[in-house]
Amino acid sequence: MTTHRIGIIGLGKIAHDQHLPVIRSNPNFELVAVSSQRGISPEDAEYTFQDYRKMLAKVPNLDAVAICTPPQVRHRIAREALLAGKSVLLEKPPAASLSELEDLRQLADKAGKTIFTTWHAQYNKAVEEAKKALAGWTIKRLQVTWKEDVRHWHPGQQWIWAPGGFGIFDPGINALSIVTRIMPEPVFIKQATLECPANRDAPIAANLQLATGHTDGNLQAEFDWRQTGPQTWDIEVETEAGFGLKLVRGGSCLEIDGRLVVNEEPKEYEGIYRRFDALLTIGRSEVDAAPFRLVADAFMVGKRVEVEAFED
Ligand code: NAP
């Protein structure tokens, strides 16, 4: 068994909630370093830096880094990491644009290093079972409803509203990563409406009309960051064959024709690090751009509508 010596860059919410504990609990990884602009230093990290470049240059035998910063700076950091001979785990969204991601894919290939686009919502058992159930069927209806309270989930995070922060697509891309995983054929955006607060650069809500080669009409996604009270992360699918399924609670629970098939606490990041371990061990990359492409397309074909200003 090879232990991968890993460093984390950016010690914000997701690094604390998931990356640190999950790396600690996986014996195939050793947390050796962190880089935090604010100087946060977990006691079990042997090396701590405020500048990730120093981490890349100074930590002996560092195999890989997990980049847990906002997406706007991910490409620059990932590029430098690959050029320094490190493999790279990219938090979602993997970059600020599709062309940045393609640059990283090619660079990783040239450098002979692993690059891994992580889509955490795909690592639920219910998502895998939904994919199996839908394989080979034609989809008649898709309804994605992803509505949550931005003040609760993103307190004080200003990068989500800046260009390249993606606004409501920061959570919406999780839903789209489930859609691209379970749908039996490619999905694309026909129309989109992006509701942008008067004082912000990114949308607070979006309505998407999707299509496949076979179905043009009843495939919809509704994303909204203004939902208070109960939060909704549901995906409903109906097939031409007549059966339907519903993924609820962000893809952790699956009902097929009203029968509960999977109901599990999410272990998404455990799955991500198991996959990263496997990729590092065999020396391969995994770059899945499909969810990111749908977001890019929504911005490309979407109609922008100004809505009430949003204050934190
Ligand atoms: P966050 O709490 O704002 O943390 C991001 C951290 O990155 C900051 O605290 C800062 O940490 C570092 N950072 C900020 N600007 C930087 C810059 N210009 N250069 C280098 N480092 C910088 O955000 P988050 O919620 O953890 O989200 C980070 C990424 O994870 C996003 O892409 C998000 O979509 C994804 N994600 C988040 C969640 C979630 O539940 N929050 C879930 C899944 C995925 P230091 O001061 O320590 O450097």
Side-chain angles (χ1 to χ4, degrees), residues 7-23 31 33-43 45 47-56 65-81 88-97 100-101 104 116-124 127 146 148-178 202-203 223 225 231 233 249-252 266-273 275-276 288-289 291-292 294-296 312:
I8 299 180
I9 300 176
L11 287 188
K13 184 171 188 311
I14 198 61
H16 280 102
D17 289 356
Q18 297 290 343
H19 292 265
L20 282 168
V22 171
I23 289 172
L31 178 73
V34 297
S35 164
S36 164
Q37 293 182 326
R38 289 163 302 159
I40 293 172
S41 51
E43 52 192 38
Y47 299 90
T48 56
F49 301 91
Q50 281 183 273
D51 180 346
Y52 68 87
R53 293 183 185 91
K54 289 197 175 135
M55 175 169 117
L56 296 175
V65 292
I67 305 178
C68 303
T69 64
Q72 289 98 333
V73 292
R74 217 176 322 278
H75 170 256
R76 175 168 48 81
I77 298 172
R79 214 169 198 286
E80 290 179 45
V88 171
L89 179 153
L90 300 166
E91 247 303 345
K92 57 103 278 211
S97 69
E100 283 185 354
L101 180 58
L104 295 179
F116 179 31
T117 52
T118 60
W119 300 109
H120 62 86
Q122 293 184 344
Y123 289 82
N124 286 294
V127 172
W146 224 252
E148 58 176 55
D149 182 353
V150 64
R151 290 188 176 90
H152 178 81
W153 299 105
H154 296 274
Q157 291 180 351
Q158 293 309 312
W159 60 264
I160 54 174
W161 298 110
F166 302 107
I168 185 60
F169 288 99
D170 182 73
I173 203 169
N174 301 333
L176 294 174
S177 75
I178 296 177
F223 302 153
W225 246 346
Q231 308 284 283
W233 299 288
R249 297 209 318 266
S252 60
K267 292 267 178 206
E268 299 173 345
Y269 280 77
E270 286 80 353
I272 283 178
Y273 275 93
R275 183 72 188 138
F276 194 36
D288 172 10
F292 200 32
L294 288 179
V295 172
D312 270 321

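Whatever order the structure lists ligands and atoms in, that order sets their numbers, starting from 1.
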Quiz prompt | Numbering as shown, the atoms of ligand 1 that approach Y269 to under 4.0 Å (heavy-atom distance) | solution = 43 (C), 44 (C)
Self-check item: Q157 and ligand 1 - part of the residue with a heavy-atom distance under 4.0 Å
Solution: side chain
Exercise. Could you tell me whether the side chains of H152 and Q231 share a donor-acceptor contact shorter than 3.5 Å?
Key: no
Quiz item: What closest approach, in Å, do Q122 and D288 show between heavy atoms, and which atom pair accounts for it?
Solution: NE2-OD2, 3.6 Å
Quiz item: Among C68, A15, G12, which one has a heavy atom closest to atom 4 (O) of ligand 1?
Solution: G12
Self-check item: For ligand 1, the portion of F166 having any non-hydrogen atom under 4.0 Å away
Solution: neither
Quiz prompt | Spacing of OG1 belonging to T117 relative to CZ belonging to F292, to within rounding of 0.5 Å | solution = 10.5 Å
Quiz item: Which one of Q37, K13, R76, H154 has a non-hydrogen atom at the shortest distance from atom 45 (P) of ligand 1?
Solution: Q37
Quiz item: So which protein heavy atom does atom 47 (O) of ligand 1 come closest to, and at what separation?
Solution: S36 OG, 2.6 Å
Quiz item: Strictly under 4.0 Å, does any heavy atom of G39 approach an atom of ligand 1?
Solution: no
Quiz item: Do R74 side-chain atoms and L90 backbone N/O form a donor-acceptor pair below 3.5 Å?
Solution: no
Practice problem: Find out whether F276 and I23 are in side-chain contact, i.e. whether some heavy atom of one side chain is under 4.5 Å from a heavy atom of the other. | Solution: no
Quiz prompt | Minimum heavy-atom distance between G250 and W146, given as atom pair plus value | solution = CA-CH2, 3.7 Å
Quiz item: Do you know the tightest heavy-atom contact between S177 and W119?
Solution: CB-CB, 3.8 Å
Self-check item: Best match, E268, H120, R38, E91: closest heavy atom to atom 9 (O) of ligand 1
Solution: R38
Practice problem: State plainly whether the residues R53 and E80 are in salt-bridge range, i.e. N to O under 4.0 Å. | Solution: yes
Quiz prompt | N/O donor-acceptor pair under 3.5 Å between Q72 side chain and P163 backbone | solution = yes
Quiz item: How does R74 reach ligand 1, if at all, at less than 4.0 Å between non-hydrogen atoms: by side chain, backbone, both, or neither?
Solution: side chain
Exercise. Considering heavy atoms of the protein only, find what lies nearest to atom 13 (N) of ligand 1 and give residue, atom and distance to 0.1 Å.
Key: P70 CD, 3.7 Å
Quiz item: Side chain, backbone, both or neither: which part of I14 comes within less than 4.0 Å of ligand 1 when only heavy atoms are counted?
Solution: both
Practice problem: Just say parallel, tilted or perpendicular for the rings of Y273 and H19, cut-offs at 30° and 60°. | Solution: perpendicular
Quiz item: So which bit of K92 gets within less than 4.0 Å of ligand 1, heavy atoms only: side chain, backbone, both or neither?
Solution: both
Exercise. Any atoms of ligand 1 less than 4.0 Å from a non-hydrogen atom of P71? List them with their elements.
Key: 32 (O)
Quiz item: Are W233 and W153 an aromatic pair by the rule of ring centers under 6.0 Å?
Solution: yes
Exercise. Taking only heavy atoms of P93 into account, list the atoms of ligand 1 that are under 4.0 Å away from them.
Key: 32 (O), 34 (O)
Quiz item: Which protein heavy atom lies closest to atom 12 (C) of ligand 1, and at what distance to 0.1 Å?
Solution: G10 CA, 3.8 Å
Quiz item: Taking the non-hydrogen atoms of W119, is any one of them nearer than 4.0 angstrom to ligand 1?
Solution: no
Quiz prompt | Taking atom 29 (C) of ligand 1 as the reference point, the nearest protein heavy atom with its distance | solution = T69 O, 3.4 Å
Quiz item: Does ligand 1 have any atom that is closer than 4.0 Å to a heavy atom of W159?
Solution: yes
Quiz item: In the protein, which heavy atom is nearest to atom 18 (N) of ligand 1, and how far is it?
Solution: V73 CG1, 3.5 Å
Quiz prompt | Residue pair L104 / V88, side-chain heavy-atom distance below 4.5 Å | solution = no
Practice problem: Give yes or no for whether the N/O distance cutoff of 3.5 Å, strictly under, is met between D170 and ligand 1. | Solution: yes
Practice problem: Identify, by atom number and element, the atoms of ligand 1 in contact range of L11, meaning under 4.0 Å from any of its heavy atoms. | Solution: 11 (O), 45 (P), 47 (O)
Quiz item: Do the ring planes of F116 and Y123 sit parallel (below 30°), tilted (30 to 60°) or perpendicular (above 60°)?
Solution: perpendicular
